[in-house]
Amino acid sequence: MVKGLLDAGYKAIVLDDLSKGHQGLIPGGEFIQGNLGDVQLLDKIFTQYRIDAVMHFAAYSLVGESVEKPLDYYRNNLARTIELLDAMNRHSVKYFIFSSTAAVYGEPMQVPITEEHPSNPTNPYGASKIAVERMLQDCDMAHGLKFVALRYFNAAGADASGEFGERHEPESHLIPLILKVATGERQNIKIFGTDYPTQDGTCVRDYVHVSDLAQAHLLALEALMAGKNSAIYNLGNNKGYSVREVIEVARKVTGHPIPVEESARRAGDPAVLIASSDKIRRELGWQPRYEDLETIVKTAWVWHQKEAL
Ligand code: UDP
């Protein structure tokens, strides 16, 4: 996102407590180390800089972990966002772009999922995000906050430059874990659940490239600055791949056999999540550049090979 903002001619200030992030992967702009629940720090930043808009990515985002540690998720994702919105309100900052998630829907009643689909999250992660979305609507009514909530489906891939990509410690996401088998860092990939009501029994997800997500944030920001109303959009490619299909694509891209181990379901995982992202395509002209999974996995593979050196 920072790269996208700088390339588009904006100035960027990154606030990150580095509990998950890596300062060395920020490609420019200004960096401030700190937590977004730190009210004094927020007041200092909003006083020191003339900030037009806030993009909020700083959440815990692991479905399984959220089931085990719900209060950590509500504290970090919900309570700290209250402080951020409150500080924005004190300093009259009106534009907000929020990283939401497909996990707000829960087990879908039909796919592809449109934004009108009822939200009934199956895990605390999704519940913490829908609570923030509701809060944003209330802040719009009360204070004129203009927001766009972007409901990401499965973020994947790496910047095409090969300069940055995913680095989670420990890693828990499917595509990075599969590619770590191909680099020799791991023995096999565990498939979490083979008895789902899907074509091959494994979970189906809609994978969307990180650079396409960043592009959507820019479009959302510019729409708000041009006077458009607050909105909620899905971000996905309208196409689902099962866990076994993702592994197959990675075998093709890497040329590695990638052994699998079938194991139990992971708590909180819906069987199928596929986006309809027609709304953002129609209203903001979003057009993903990395739509097909093989291309997405190729960009991730360049990055993970570099990381493994
Ligand atoms: N998954 C899996 N093995 C793994 C990690 C993930 O089978 O080692 C499955 C997981 O159950 C889900 C899908 O892959 O259905 C994508 O999971 P990931 O953690 O990458 O993203 P999430 O859907 O949680 O955002």
Side-chain angles (χ1 to χ4, degrees), residues 20 57 59-70 73 77 99-108 111-113 119 121-130 150-158 165-183 185-210 212-213 234-237 239-251 256 258-275 293 296-297 299-301 303-304:
K20 307 274 179 195
F57 304 91
Y60 294 155
S61 62
L62 304 179
V63 165
E65 185 181 67
S66 81
V67 176
E68 283 157 29
K69 301 176 185 171
Y73 274 67
N77 296 2
S99 304
S100 189
T101 171
V104 299
Y105 295 111
E107 197 67 61
V111 290
I113 304 170
S119 58
T122 52
N123 53 66
Y125 168 56
S128 72
K129 291 283 182 173
I130 198 71
L150 296 170
R151 293 176 173 168
Y152 310 171
F153 282 61
N154 282 61
E166 289 184 84
R167 188 190 290 161
H168 302 120
E169 285 147 18
E171 187 52 79
S172 68
H173 294 91
L174 182 64
I175 293 176
L177 285 174
I178 293 173
L179 295 177
K180 281 173 185 289
V181 178
T183 57
E185 292 162 88
R186 301 176 71 93
Q187 295 296 308
N188 59 32
I189 181 73
K190 283 199 173 89
I191 298 180
F192 295 149
T194 54
D195 59 348
Y196 283 98
T198 60
Q199 77 271 19
D200 64 17
T202 67
C203 283
V204 171
R205 295 286 180 275
D206 184 341
Y207 295 86
V208 53
H209 194 276
V210 280
D212 290 329
L213 294 179
N234 287 339
L235 290 176
N237 281 313
K239 193 163 172 13
Y241 292 89
S242 72
V243 173
R244 289 192 205 279
E245 284 173 332
V246 177
I247 296 168
E248 209 42 59
V249 168
R251 286 180 178 136
H256 189 283
I258 309 181
V260 305
E261 183 185 323
E262 297 188 356
S263 60
R265 290 184 177 196
R266 186 174 70 176
D269 262 342
V272 180
L273 289 173
I274 302 172
L293 185 63
I296 293 175
V297 172
T299 62
W301 179 226
W303 166 252
H304 284 287

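Ligands are counted one by one from 1 in listed order, and the atoms in each one are counted from 1 as well.
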**Asked** Is there a donor-acceptor pair under 3.5 Å between the side chain of H256 and the backbone N or O of I258?
**Response** yes
Name the closest protein heavy atom to [atom], giving the residue it belongs to and the distance to 0.1 Å.
atom	result
atom 15 (O) of ligand 1	C203 CB, 3.0 Å
atom 23 (O) of ligand 1	N154 ND2, 3.0 Å
atom 20 (O) of ligand 1	L174 N, 2.8 Å

Contact (N/O only, under 3.5 Å) between [X] and ligand 1:
X	value
I189	no
I191	no
H173	no
R266	yes

[X] NZ/CZ over [Y] ring centroid, <6.0 Å and within 45° of normal:
X	Y	value
K239	Y207	no
K190	F192	no
R205	Y241	no

Ligand 1-proximal atoms of [X], by part, heavy-atom distance under 4.0 Å:
X	result
S172	backbone
V243	side chain
K190	backbone
R205	side chain
L273	neither

**Prompt:** Does Y207 have a heavy atom less than 4.0 Å from any atom of ligand 1?
**Reply:**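 Judged by the 4.0 Å heavy-atom criterion, Y207 does count as contacting ligand 1.
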**Prompt:** Do the non-hydrogen side-chain atoms of T198 and V243 ever get within less than 4.5 Å of each other?
**Reply:** no
**Asked** Is S61 close to Y125 at the side-chain level, that is, under 4.5 Å between some pair of heavy atoms?
**Response**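 Answer yes - side chains close enough.
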**Prompt:** Should one rank F192, F153, Y152 by closest heavy-atom distance to atom 7 (O) of ligand 1, which comes out on top?
**Reply:** F192
**Item:** Proximal candidate to atom 10 (C) of ligand 1 [heavy atom criterion; set V260, L177, I247, D269]
**Value:** D269
**Distance, nearest 0.5 Å, that separates CD of E262 from OG1 of T194** =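 E262 atom CD to T194 atom OG1 measures 4.5 Å (nearest 0.5 Å).
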**I178 CD1 to I247 CD1 distance, which is reported to the nearest 0.5 Å** = 4.5 Å
**Asked** Taking all atoms of both residues into account, what is the closest heavy-atom pair of P176 and E166, and its distance?
**Response** CG-OE2, 3.4 Å
**Atom CD of E261 with >12 non-hydrogen neighbours under 6.0 angstrom** =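 Count over threshold, so yes.
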